[in-house]
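Okay, so here's the structure we're looking at.
Atoms within each ligand, like the ligands themselves, are counted from 1 in listed order. Excluded from the calculations below are hydrogen atoms, water molecules and symmetry mates; all remaining heavy atoms, backbone and side chain alike, are included.
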Amino acid sequence: MENIVINTVEMHTGGEPLRIIKSGYPEIVGKTILDKRKFVKDNLDALRKFLIYEPRGHYDMYGAVQVVPDIANADVAFLFMHNEGYSTMCGHAIVALGRYCVDNKLVPYKEPETEINIQCPCGLVKAFVNCANGLTSSVRFRSVPSFTVKSDIEVSVPAYGTLKVDLAYGGAFYAFLPLNDVGLNENSPIEQIKSAASAIASVVKGQEAIVHPESADLSYLYGVIFTDDMTGPYFNLTVFADAQVDRSPCGSGSTARVALLYHKKLIGLGESVEIKNPLTNSSFKATAVEETHCGEYRAVRVEICGNANYTGTATFTAEAQDGLKEGFLIA
Ligand SMILES: O=C([O-])C1=[NH+]CCC1
């Protein structure tokens with residue numbers, strides 16, 4: 001660890017951080033991006049902790065590292081990391097990476113929009129970066145086919161009673177339910193919101209088979225999204241990984257939310273909704289674009305549009321005598 005020098009570019013999307021590794025990471029090998037995701041998990045996880053954990057990061061830090069794409073029509077590829085491991089999709093990261101890739105000339109700059117095909121563990125995501133006068137601004141992306149697995153699933157959660165959740169996929173699987181169904185609201189202490197999410201996630205994981213038609217590596221519940229009363233104004237309060245709280249409306253969660261709204265006929269093709277995060281008031285515009293399929297699921301292609309900003313750059317190192325050089329987390 002002590003010979004590590006990692007340079008990063010720091011951004012945020014709607015308040016959710018993204019630590020983009022610009023240089024200093026060892027080579028990440030693997031035939032496919034899911035193999036690469038397994039490689040970093042098995043061989044380089046100390047570096048995830050070094051960057052995500054304190055004192056360099058914090059409990060809710062999020063990161064991305066570039067890898068070589070393994071599909072022909074991808075311009076770039078990224079792995080995503082958080083306080084528990086490596087995710088399959090991250091929409092807030094795509095919004096930030098869209099600007100990062102254009103600004104760092106990973107793709108040719110083109111006005112009024114630069115298109116970037118970004119390979120993620122869940123598949124290919126097509127991003128469009130708003131470009132004018134040599135500058136980048138908002139980013140919209142079209143995610144992988146998204147679908148509702150099941151709605152109105154009855155779960156019995158200790159301390160919260162019998163609840164109903166909806167299960168949907170937007171590059172990652174989420175369980176959705178109104179925040180006030182657990183007797184909380186957006187002003188409740190965040191620890192109470194996190195505790196409720198963890199209790200619900202534990203029951204859903206034990207009760208429901210989470211299976212993606214394409215890969216076992218995608219088949220797991222990534223988080224719980226607390227919502228408005230489902231009729232709008234729409235908000236997502238996402239608790240994911242190890243009780244990490246998304247400060248943005250959650251791009252993959254908003255994608256899954258639109259799949260759910262489409263399934264419930266609360267939104268039609270071509271229609272958009274604004275989805276906010278009630279803690280930061282940041283928002284994404286989410287649009288149901290076209291119907292598609294994923295395995296046996298009727299799916300929808302969703303477009304998310306948002307804004308990311310740079311917050312700085314960093315060079316992270318460790319000294320041999322530092323007893324905490326590998327990082328730590330205080331929850
Ligand atoms: O935007 C996104 O999809 C996410 N942000 C953090 C967890 C997933």
Within residues 290-331 or reaching into it, pairs that qualify as ring-ring contact (aromatic ring centres under 6.0 Å, His included) - sequence neighbours excluded: F147-Y297

Donor-acceptor list for residues 259-269 side chains, cut-off 3.5 Å, not counting sequence neighbours:
| from | atom 1 | to | atom 2 | distance (Å) |
| --- | --- | --- | --- | --- |
| Y262 | OH | E291 | OE1 | 2.2 |
| K264 | NZ | D166 | OD2 | 2.7 |

For Y25, which residues count as a side chain to side chain contact (heavy atoms under 4.5 Å, CB included) partner, sequence neighbours excluded? I6, I21, I28, L44, L47, L51, V65, M81

Donor + acceptor pair across side chains of Q119, D70 (<3.5 Å): yes

Answer yes when K126 and E115 have at least one side-chain N-carboxylate O distance shorter than 4.0 Å, and no when they do not. yes

Hey, mind stepping through R99 and N309 against side-chain contact (heavy atoms from CB on, under 4.5 Å) and telling me if it holds? CA-CA 9 Å; R99 290 196 64 192; N309 294 97; 4.2 Å; yes

When you pair each N or O of ligand 1 with protein N or O atoms, which pairs come out under 3.5 Å?
| from | atom 1 | to | atom 2 | distance (Å) |
| --- | --- | --- | --- | --- |
| ligand 1 | 1 (O) | G91 | N | 3.3 |
| ligand 1 | 1 (O) | H92 | N | 2.7 |
| ligand 1 | 1 (O) | G251 | N | 2.7 |
| ligand 1 | 3 (O) | G91 | N | 2.7 |
| ligand 1 | 3 (O) | G251 | N | 3.4 |
| ligand 1 | 3 (O) | S252 | N | 2.7 |
| ligand 1 | 3 (O) | S252 | OG | 2.6 |
| ligand 1 | 5 (N) | H92 | ND1 | 2.9 |
| ligand 1 | 5 (N) | D246 | OD2 | 2.6 |

